[in-house]
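Worksheet for the structure shown next.
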There are 2 protein chains.
Amino acid sequence: MDAQLKKGVLDVCVLAAIKDEDSYGYKIIKDLKPILELSESTLYTILKRLEESRMLVVRSTEFEGRLRKYYHITPTGLQRLEDFKNEWKELMDIYAFIDKEDYH
Amino acid sequence: MDAQLKKGVLDVCVLAAIKDEDSYGYKIIKDLKPILELSESTLYTILKRLEESRMLVVRSTEFEGRLRKYYHITPTGLQRLEDFKNEWKELMDIYAFIDKEDYH
DNA sequence: CGGTATACATCATATTACGAGGTATATTGT
DNA sequence: ACAATATACCTCGTAATATGATGTATACCG
């Protein structure tokens, strides 16, 4: 998939991945794999950004000797998901423009 | 509209804007305005990039004393539009993931 | 004659995705 | 016992990109 197109949905995908249930980095990547490939370096960058913008909060735990950081979505993050759905409508209009056939 | 989301469609929008009929910078901006706002600096950057990647070719003309550069889409550019339609299908799957409601 | 529209262009900056590399433990295969 | 793989985190440098600010020049309208 085109890199640029991907960028617009990456943040939101990560939020969607933790929306129903808290999750952690490694799991998020695996959960998203079927629909969207993203590297670890990309994910951790995104997670940090989402934390800074208060879309999620972090809770560090220890699980079987390894560190595990659980991410939990905030109301701000949920709002971001809602906003995205509206942006999606605009995007549909743009697509209609791109896709429109000329009947000449 | 979210900047990131926009990025993925900018190039394709410009290609779509010249698909049926050759056009020039100033006109492209006005034509796209109803569906997508973009500044001149952004457009000229995009046009240059699209030219470098052979998606379009340029023909400079003089129109009423002013320089006017007409952009014409190439087969490569048309192919890019086709590829985008396939990418759009992937994007629809991603949206389905983001939008999915949890019935608990 | 001043403002607005037309029409091009460049530069600096901020944001971003990602590969490459690093650390450390647990599990599985041979 | 040892190697490989999976799990799980992190940082740094780089390349690509959108955009505001700025500049140049002509045409038209009041």
Side-chain angles (χ1 to χ4, degrees), chain A residues 1-15 17-18 22-33 35-53 55-71 80 87 90-91 94, chain B residues 1-15 17-18 22-33 35-53 55-71 80 87 90-91 94:
Chain A
M1 187 168 148
D2 176 65
Q4 280 311 113
L5 198 58
K6 213 171 144 179
K7 290 188 184 189
V9 291
L10 272 174
D11 282 40
V12 190
C13 277
V14 171
L15 285 176
I18 64 164
D22 293 359
S23 189
Y24 54 95
Y26 208 76
K27 185 167 187 294
I28 293 169
I29 288 173
K30 286 208 298 183
D31 287 347
L32 289 180
K33 200 152 221 164
I35 59 148
L36 191 75
E37 202 87 24
L38 84 169
S39 69
E40 288 184 49
S41 57
T42 303
L43 178 67
Y44 288 112
T45 310
I46 291 168
L47 285 171
K48 181 160 279 181
R49 188 164 65 236
L50 289 174
E51 192 190 350
E52 276 163 13
S53 56
M55 304 262 180
L56 48 79
V57 286
V58 194
R59 171 172 50 86
S60 289
T61 57
E62 189 158 323
F63 180 79
E64 288 174 1
R66 282 192 292 271
L67 173 67
R68 200 182 262 183
K69 291 173 80 171
Y70 277 93
Y71 296 91
R80 175 74 190 94
E87 284 167 14
E90 288 180 56
L91 204 63
I94 293 173
Chain B
M1 185 169 149
D2 176 63
Q4 282 310 115
L5 199 56
K6 214 171 144 179
K7 290 187 185 188
V9 291
L10 273 175
D11 282 39
V12 191
C13 278
V14 172
L15 285 176
I18 64 164
D22 293 359
S23 189
Y24 54 95
Y26 209 76
K27 185 167 188 293
I28 294 169
I29 288 172
K30 285 207 299 182
D31 287 346
L32 288 180
K33 201 153 218 161
I35 59 149
L36 190 76
E37 202 87 23
L38 85 169
S39 69
E40 288 184 50
S41 56
T42 302
L43 178 67
Y44 289 111
T45 310
I46 291 169
L47 285 171
K48 181 160 279 184
R49 189 164 64 236
L50 289 175
E51 193 190 350
E52 277 163 11
S53 56
M55 305 259 182
L56 49 78
V57 285
V58 195
R59 173 172 50 88
S60 288
T61 57
E62 189 157 325
F63 181 79
E64 287 175 2
R66 280 193 293 270
L67 173 68
R68 199 181 263 184
K69 291 172 80 171
Y70 277 93
Y71 296 91
R80 175 75 191 93
E87 284 167 13
E90 289 179 54
L91 204 63
I94 293 173

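Below, chains carry the letters A, B, ... as their sequence lines are ordered, and counting in each starts from 1. A quick note: this is a predicted structure, and the numbers were derived from the prediction, not measured.
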Separation of C:dT15 C1' from A:Leu10 CG (nearest whole Å): 13 Å

Check the distance between D:dA6's P and A:Tyr26's OH and give it to me in whole angstrom. 7 Å

Sorted by position of nearest nucleotide on DNA chain D, 5' first, the leading residue of A:Lys7 and A:Gly25 is A:Gly25

Starting at the 5' end of DNA chain C, which residue's closest nucleotide do you reach first, B:Glu40 or A:Asp11? B:Glu40

When rounded to whole Å, the CD to P distance for the pair B:Glu64 and C:dA7 reads 8 Å

What's the closest nucleotide to the side chain of A:Arg68 if the choices are D:dA18, D:dT7, C:dC8? D:dT7

Expressed as a whole number of angstroms, how long is the span from A:Leu67:CG to D:dC9:P? 7 Å

Contact class for A:Thr42 vs. all strands (heavy atom < 4.0 Å): base, sugar-phosphate, or nothing? base

Closest nucleotide among C:dT10, D:dT7, D:dA8 to the A:Tyr44 side chain: D:dA8

Can we say A:Arg59 and A:Asp22 salt-bridge, meaning some charged N sits less than 4.0 Å from an Asp/Glu carboxylate O? yes

D:dT19, D:dT7, D:dC10: which one has an atom nearest the side-chain heavy atoms of A:Arg66? D:dT7

From CA spacing to verdict: side-chain contact (heavy atoms from CB on, under 4.5 Å), A:Lys27, A:Lys30: CA-CA 5 Å; A:Lys27 185 167 187 294; A:Lys30 286 208 298 183; 5.7 Å; no

Would you check, one step at a time, whether the test salt bridge (Lys or Arg N to Asp or Glu O under 4.0 Å) holds for A:Glu37 with A:Lys33? CA-CA 5 Å; A:Glu37 202 87 24; A:Lys33 200 152 221 164; 3.7 Å; yes

Pick the nucleotide of DNA chain D nearest each of A:Gln4 and A:Thr45; which residue has the one closer to the 5' end? A:Thr45

Tell me: CG of B:Leu50 to C1' of D:dA18, nearest whole Å? 14 Å

With respect to the side chain of B:Phe63, which nucleotide from C:dA7, D:dG20, D:dC9 is positioned closest? C:dA7

Under 4.0 angstrom between B:Lys27 side-chain N/O and C:dA7 OP1 or OP2: no

Could you give the NZ-to-P distance, from A:Lys30 to D:dT5, as a whole number of Å? 16 Å

Can you say whether a donor on the side chain of B:Ser41 sits under 3.5 Å from an acceptor on the base of D:dG20, or the other way round? yes

The test is side-chain contact (heavy atoms from CB on, under 4.5 Å); show your working for A:Val12 and B:Ile94 and say whether it passes. CA-CA 10 Å; A:Val12 190; B:Ile94 293 173; over 6 Å; no

Under the side-chain contact (heavy atoms from CB on, under 4.5 Å) rule, what do B:Val57 and B:Glu51 come out as? Steps first, then yes or no, please. CA-CA 6 Å; B:Val57 285; B:Glu51 193 190 350; over 6 Å; no

Separation of atom NZ in A:Lys48 from atom C1' in D:dT11, rounded to whole Å: 8 Å

To the nearest Å, how far apart are A:Arg49 CZ and C:dA17 C1'? 8 Å

